[in-house]
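Notes follow the structure.
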Amino acid sequence: MAKARIAVMPGDGIGPEVTTEAVRVLRTVGDLFGHRFEFFEEPVGGTCIDQHGVALLPESLRRVRRASALLFGAVGGPKWDDPRAPTRPEDGLLAVRKGLGVFANIRPVRVYEPLLGASPLKSPALASVDFIVVRELTGGLYFAKPKRIWESRGERRAVDTCAYSESEIERVIKVAIGLARSRRSKVTSVDKANVMATGRLWREVAMRLSKENPDVQMDHMLVDSCAMALVVRPETFDVIVTENTFGDILTDEAAVISGSMGMLPSASLGSSTLGMYEPIHGSAPDIAGKGIANPLAAILSSAMLLRHSLGLPAEARLIEQAVDEVIAEGARTADIASGGAAISTREMADTLIATVKALRAAQR
Ligand code: IPM
Ligand code: MN
C-alpha cells in the first residue's frame with residue numbers, strides 16, 4: 001500500500017475541467033489497489049492573478065515541494081494577454097518549473113491507430129510512430145538574464161539571453177540516454193551548433209556522453225532539419241533531446257502528428273521523485289466551461305505520475321490500457337471525433353473509469 005499527498009494546480013481555461021477528471025481516475029485507482037492518496041489544490045496562473053495579484057504564491061510552492069507529486073492543468077487566456085501586463089499567467093508555470101527544479105520535460109508521442117485519420121500526415125508508417133521528446137525545461141531563453149525591454153535612442157529594444165552550462169546540458173542528456181535504454185536505444189540530440197554558441201557546447205557535451213555510453217546510439221541534428229524530419233519520417237525517432245525553446249516548438253509539431261493534442265501527457269522530472277505532470281495542450285479558452293474538452297491527456301499525465309513519482313508502474317499501465325480500450329471502442333470527445341458523434345469531458349472520464357474497474361476486476 002502506498003501513501004501519497006498529491007498537489008493539484010488546476011489553473012485556467014479547461015485546466016480545472018481536465019484535472020478534476022484526472023483526480024477522479026487517481027482516486028479510483030487508489031481505491032482499487034488499496035493506496036491512500038490525498039489531494040490538495042493550489043492556485044496558479046490567471047486565476048491566481050485575479051485572486052492574489054501574482055501568478056504563483058510563494059507558500060503554494062513551499063507546499064508543493066513537500067508533496068509527492070504535482071498534477072498541473074494549464075494556464076493562460078485572452079483575459080491576461082496584454083503584452084504590457086506586469087505579470088502573466090505563464091510566469092506562474094515557469095516559476096513552478098524552476099522552483100521544483102524539474103529540468104527534464106518528457107513528452108511521449110504515439111499514434112493511436114483508431115485515430116490515424118485525425119492526423120494531418122498521410123505517411124503509411126504513421127501507425128508505428130512512437131518517440132519521446134526530452135525537453136530541457138529550466139534553462140536557456142526562458143530563464144537566463146538579461147531579459148528585458150528598454151528604450152534607447154528613440155526606440156524600444158529588447159533582449160533575451162540563451163545560456164547553458166555544461167552540467168545543465170549533461171544532466172538532461174543523461175535522462176534521454178536512460179530512457180532510450182529501456183526503448184530502442186537511439187537518441188537524437190538536437191541543437192543549432194552551426195549558429196549558436198550554446199548549440200556548440202550542447203553538441204560537444206552530447207558527443208562526449210555518446211562516447212561514454214556506447215550501448216546507446218546517438219545522432220546529432222540541427223533543429224531546422226529535425227523539424228522537417230519530424231513530418232517526413234516521424235517513425236524513425238526514438239528519443240529526441242533538446243534545449244528549452246527548441247523543445248517547446250518541436251513538441252507542438254510532434255503533437256499534431258498524433259492527431260490530437262488532447263491525447264498527449266507530459267512529465268517534468270528533476271533530481272528527486274517529486275515530479276510535475278501536465279497535459280501538453282494549453283488552457284483552450286475557446287472551449288473552456290463547455291464540458292467538451294478531452295480529459296485523456298490529463299488522465300495519461302496522472303498515469304505518468306503514478307509511474308515516475310509514486311513508483312506504481314502496474315497502476316500506470318492499467319490507466320494506459322484503459323485509454324487504449326476506450327479509444328478502440330470508439331469513445332470520442334469533439335477534438336478526436338472527426339466530425340462524428342462526440343461525448344463530454346465527464347462522459348469520457350466515466351467511460352474510462354468503468355474500463356479501469358473492469359480491467360482491474362479481470363486481473364484478480
Ligand atoms: C508548454 C507551453 C509553455 C512553454 C507556455 C505556456 C509558457 O507552451 O508547456 O509547452 O512555453 O513552455
Ligand atoms: Mn509549448
Side-chain angles (χ1 to χ4, degrees), residues 9-16 18-19 22 43-49 54-56 61 70-83 85-109 131-144 147 160-164 168 172 190 223 226-227 230 240-258 260-270 275-288 293-294 297-298 300-301 304-305:
M9 287 183 157
D12 310 321
I14 61 170
V18 298
T19 48
V44 73
T47 318
C48 191
I49 293 177
V54 289
L56 176 71
L61 188 59
L70 167 63
L71 186 66
F72 195 96
V75 292
K79 184 176 172 193
W80 308 282
D81 250 357
D82 178 0
T87 107
R88 305 172 53 85
E90 290 79 6
D91 298 340
L93 172 59
L94 300 185
V96 171
R97 289 174 178 169
K98 193 76 175 175
L100 298 182
V102 287
F103 60 83
N105 179 219
I106 294 168
R107 299 187 163 184
V109 177
F131 62 89
I132 297 182
V133 181
V134 181
R135 167 189 175 192
E136 200 292 325
L137 202 60
T138 52
L141 279 173
Y142 278 65
F143 295 98
K147 181 184 206 64
D160 290 287
T161 304
C162 191
Y164 272 105
E168 279 179 301
V172 73
V190 175
V223 63
C226 178
L230 270 177
I240 294 172
V241 62
T242 191
E243 66 90 46
N244 204 345
T245 306
F246 297 161
D248 178 47
I249 298 166
L250 292 179
T251 51
D252 264 31
E253 186 191 357
V256 292
I257 293 170
S258 80
S260 173
M261 303 259 288
M263 297 296 297
L264 298 182
S266 85
S268 302
L269 308 174
M276 169 179 180
Y277 301 86
E278 60 180 314
I280 285 197
H281 63 70
S283 58
D286 51 321
I287 59 163
N294 186 346
L300 286 164
S301 300
M304 293 187 88
L305 183 157

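Only a predicted model underlies this, so the values are computations on that prediction, with no experimental measurement involved. We number each residue from 1, following the sequence as shown. Whatever order the structure lists them in is the order used to number ligands and atoms, beginning at 1.
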Side chains of Leu56 and Met9 in contact at under 4.5 Å (non-hydrogen atoms): yes
Side-chain donor/acceptor of Glu136 to backbone N/O of Thr138, under 3.5 Å: yes
Inter-residue atom distance [X].[atom1] - [Y].[atom2], 0.5 Å rounding:
X: Tyr142; Y: Leu93; atom1: OH; atom2: CG; result: 9.0 Å
X: Ile257; Y: Asp252; atom1: CD1; atom2: CG; result: 11.0 Å
X: Leu230; Y: Cys226; atom1: CG; atom2: SG; result: 4.5 Å

Test side chain to side chain contact (heavy atoms under 4.5 Å, CB included) applied to Pro89 and Ile49, Val44, Asp81, the passing residue: Ile49
Criterion side chain to side chain donor-acceptor pair (under 3.5 Å) against Arg135, the qualifying member of Thr242, Thr245, Thr251, Asn244: Asn244
Check ligand 1 for close polar pairs with the protein: N or O on both sides, less than 3.5 Å.
from     : atom 1 : to     : atom 2 : distance (Å)
ligand 1 : 8 (O)  : Asp248 : OD1    : 3.3
ligand 1 : 9 (O)  : Arg97  : NH2    : 2.7
ligand 1 : 9 (O)  : Arg107 : NH2    : 2.9
ligand 1 : 10 (O) : Arg107 : NH1    : 3.3
ligand 1 : 10 (O) : Arg107 : NH2    : 3.1
ligand 1 : 10 (O) : Arg135 : NH1    : 3.2
ligand 1 : 10 (O) : Asp248 : OD1    : 3.0
ligand 1 : 11 (O) : Tyr142 : OH     : 2.6
ligand 1 : 11 (O) : Asp248 : OD1    : 3.4
ligand 1 : 12 (O) : Arg97  : NH1    : 2.7
ligand 1 : 12 (O) : Arg135 : NH1    : 3.2
ligand 1 : 12 (O) : Arg135 : NH2    : 2.8

For Val54, all residues meeting side chain to side chain contact (heavy atoms under 4.5 Å, CB included), sequence neighbours excluded: His52, Leu57
Residues forming a side chain to side chain contact (heavy atoms under 4.5 Å, CB included) with Ile287, sequence neighbours excluded: Ile14, Ala284, Ile292, Ala293
Atoms of the protein (N/O/S only) found under 2.8 Å from the Mn ion (ligand 2): Asp248 OD1
